[in-house]
Amino acid sequence: MARNIQSLERAAAMLRLLAGGERRLGLSDIASSLGLAKGTAHGILRTLQQEGFVEQDEASGRYQLGAELLRLGTTYLDVHELRARALVWTDDLARSSGESVYLGVLHQQGVLIVHHVFRPDDSRQVLEIGAMQPLHSTALGKVLSAYDPVAHSEALESDRKAFTDRTVCDLSDFEQILDLTRARGYAADVEETWEGVSSIAAPIHDRRRMPVGAVGITGAVERLYRDGELRPELIAAVRDCARAVSRDLGAGRF
């Protein structure tokens, strides 16, 4: 069995200690409460402080939880709320489209899948919650890159790898795709990431009208296309789903 890392266990214990009881604690209080030498406690606190997880009051020298924890917690709550609000609508989208549905958010330099509804048939499928998709070659990634300035920067700075001979890697061509995505309100991926696979995605906004994620369907090219064009009813279904989730998040009408 793998052994736990003691320094991380001690850091976690400190954060829990600071989260309960008194708002601020001194070094001696923290060390004695956790059974640590002052030098050891101070070293861990200094590292946590440098990372923004702990702050030290200049006047008293006491420690309290830092703003970085609030940011991380808010991010978790935002994703949790997004997924909760999307559950019913993504189920409906899977039923109406007959395809797999993915809900994605920006994470580092890619798209993190936070919810996945299986295609409503008897085929064998693998749950992909927690999987990462590229920003530049997937419909979800293009939507995030088009609407979220941070995702846009990440996509430009990342290595835009060619997964197939249809992957758009050139910067100017990629920017044109993002312009088109913003103009029509959705993005498509036609065999740019996986051979024989296509996808359609649209943006989700929150009550501040900020982009918080994207929802899309993925399936075989022959099912998503008809007469060489994306099926308009599938585009409409994806956009309707995105609007419905956005409304539930307080965004109003788009």
Side-chain angles (χ1 to χ4, degrees), residues 75 78-79 82 86 90 93 97 99-115 128 131-195 197-219 221 224-225 228-232 234-246 249 251-254:
T75 300
D78 285 348
V79 170
L82 171 62
T90 50
L93 178 58
S97 67
E99 301 295 343
S100 300
V101 177
Y102 294 88
L103 186 68
V105 299
L106 175 66
H107 181 67
Q108 297 176 354
Q109 290 188 325
V111 183
L112 174 66
I113 303 302
V114 297
H115 185 51
E128 295 187 42
M132 292 290 293
Q133 293 187 4
L135 285 170
H136 70 288
S137 64
T138 61
L140 291 172
K142 292 175 188 178
V143 164
L144 293 175
S145 300
Y147 288 90
D148 185 340
V150 177
H152 182 239
S153 297
E154 295 285 4
L156 298 189
E157 294 172 4
S158 66
D159 177 22
R160 291 181 297 280
K161 176 183 176 182
F163 297 101
T164 72
D165 57 6
R166 302 190 64 156
T167 307
V168 177
C169 302
D170 179 75
L171 179 57
S172 61
D173 292 341
F174 182 64
E175 289 283 22
Q176 288 180 17
I177 289 174
L178 299 187
D179 289 340
L180 180 61
T181 297
R182 287 185 285 266
R184 62 189 185 182
Y186 72 92
D189 154 26
V190 186
E191 297 186 282
E192 293 180 47
T193 312
W194 303 282
E195 296 283 355
V197 176
S198 184
S199 57
I200 306 167
I204 295 172
H205 297 80
D206 66 5
R207 61 185 61 86
R208 298 160 296 177
R209 301 228 166 186
M210 298 293 292
V212 293
V215 63
I217 60 173
T218 296
V221 173
L224 269 62
Y225 270 72
E229 299 287 339
L230 283 170
R231 291 167 55 191
L234 295 181
I235 296 172
V238 171
R239 296 192 68 192
D240 286 346
C241 177
R243 291 191 191 102
V245 179
S246 297
L249 289 171
R253 297 185 64 85
F254 270 81

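Each residue takes its place number in the sequence, starting with 1. Worth knowing before you read on, the calculation uses all heavy atoms, side chains too, and leaves out hydrogens, waters and symmetry mates.
Between Val143 and Ala187, the shortest heavy-atom contact is CG2-CB, 3.6 Å. The minimum heavy-atom distance between Asp206 and Ala251, with the atom names listed, is O-CB, 3.2 Å. Considering every non-hydrogen atom in both Ala242 and Pro203, the closest pair reads CB-O, 3.2 Å. The heavy-atom pair separating Leu234 from Ser97 by the smallest distance is CD2-CB, 3.8 Å. Taking each heavy atom of Ala202 and Arg239 in turn, the nearest pair found is CB-CA, 4.1 Å. When all heavy atoms of Val212 and Leu82 are compared, the pair lying nearest together is O-CD2, 3.7 Å.
A donor and an acceptor atom, one from each side chain of Ser100 and Thr218, are nowhere located under 3.5 Å apart.
Aromatic pair Phe174/His152: ring centres not closer than 6.0 Å.
No donor-acceptor distance shorter than 3.5 angstrom exists from the side chain of Thr164 to the backbone of Glu195, with no hydrogens or angles considered. His136 places a side-chain N or O within 3.5 Å of a backbone atom of Lys161 that can act as its donor or acceptor partner. Panel note: side chain Thr167, backbone Ala162; no donor-acceptor pair is recorded below 3.5 Å. Side-chain atoms of Arg160 do not come within 3.5 Å of backbone N or O of Val168 as any donor-acceptor pair.
Under the side-chain contact (heavy atoms from CB on, under 4.5 Å) test applied with Leu224, the options Arg231, Glu229, Glu99 reduce to a single match, Glu99.
Residues Thr193 and Gln133 are not in side-chain contact: their nearest non-hydrogen atoms beyond the backbone lie 4.5 Å or more apart. Put simply, the side chain of Leu112 reaches to within 4.5 Å of the side chain of Met132, judged on heavy atoms. In this structure the side chain of Thr181 never reaches within 4.5 angstrom of the side chain of Tyr186, judged on heavy atoms. With contacts defined as side-chain heavy-atom distances shorter than 4.5 Å, the pair Leu103/Val245 does not qualify. Side-chain atoms of Tyr102 and Val111, non-hydrogen and from C-beta on, never get closer than 4.5 Å to each other.
Put simply, OG on Ser199 and CG on Leu230 are 9.0 Å apart, with the number rounded to the nearest 0.5 Å. One finds the CG atom of Leu135 at 10.0 Å from the CG atom of Leu178 (value rounded to the nearest 0.5 Å). Once rounded to the nearest 0.5 Å, the distance linking CG of Asp148 with CG of Leu106 reads 5.5 Å. To the nearest 0.5 Å, atom CG of residue Asp170 and atom CD of residue Gln176 are 8.5 Å apart. Separating the CG atom in Asp189 from the OG1 atom in Thr138 is a distance of 6.5 Å, to the nearest 0.5 Å. Note: Glu192 CD to Asp165 CG = 10.5 Å, rounded to the nearest 0.5 Å.
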Stepwise side chain to side chain contact (heavy atoms under 4.5 Å, CB included) check, Glu175 with Leu156: CA-CA 9 Å; Glu175 289 283 22; Leu156 298 189; 3.7 Å; yes
